Amino acid sequence: MYIYTILCHDHIPAQFKEGLLITIYKGHGKAKDNKNSYRGVTLLPVINKVFEKCIMTRLQPHLDDIAFPPPLQHACRKGINNVSIEFRA
């Protein structure tokens, strides 16, 4: 019901956009007192992920029909990662 309301009104509540920013130490002998030795990760609410999954489930067949994203696009694609582009013929 909540997701249906969001879709009808084209408005995403602020709670969906708020996250908790945490830092993760990169390791590999980097200096712990250097801010560049940490990676920022934002933890989003679970309801946000449920909403994204619902949208993508409905949207993906249409994106597949129009071949979007283009074949050379490798970021954020199911079954494709940064290693797969290295071995592409």
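This structure is a prediction, so every number in the text was calculated from the model and none was measured. We number each residue from 1, following the sequence as shown.
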Apart from L21 itself, its cluster of hydrophobic side chains linked below 4.5 Å comprises none
Determine all donor-acceptor pairs shorter than 3.5 Å in which one atom belongs to a side chain in residues 62-72; sequence neighbours excluded.
from: D64; atom 1: OD1; to: Q60; atom 2: NE2; distance (Å): 2.9

Below 3.5 Å, can you tabulate the donor-acceptor pairs from side chains in residues 38-48 to any protein atom, sequence neighbours excluded?
from: Y38; atom 1: OH; to: K32; atom 2: O; distance (Å): 2.9

Contacts of D10 meeting side chain to side chain donor-acceptor pair (under 3.5 Å) (sequence neighbours excluded), chain-then-number -> none
Applying side chain to side chain donor-acceptor pair (under 3.5 Å) to E18 and not counting sequence neighbours gives none
Is it the case that over 12 heavy atoms from other parts of the model lie below 6.0 angstrom from the NZ atom of K30? no
Shortest non-hydrogen pair, A31 vs S37, comes out as O-OG, 2.6 Å
Sequence neighbours excluded, the answer for salt bridge (charged side-chain N to carboxylate O under 4.0 Å, His left out) partners of E52 is K49
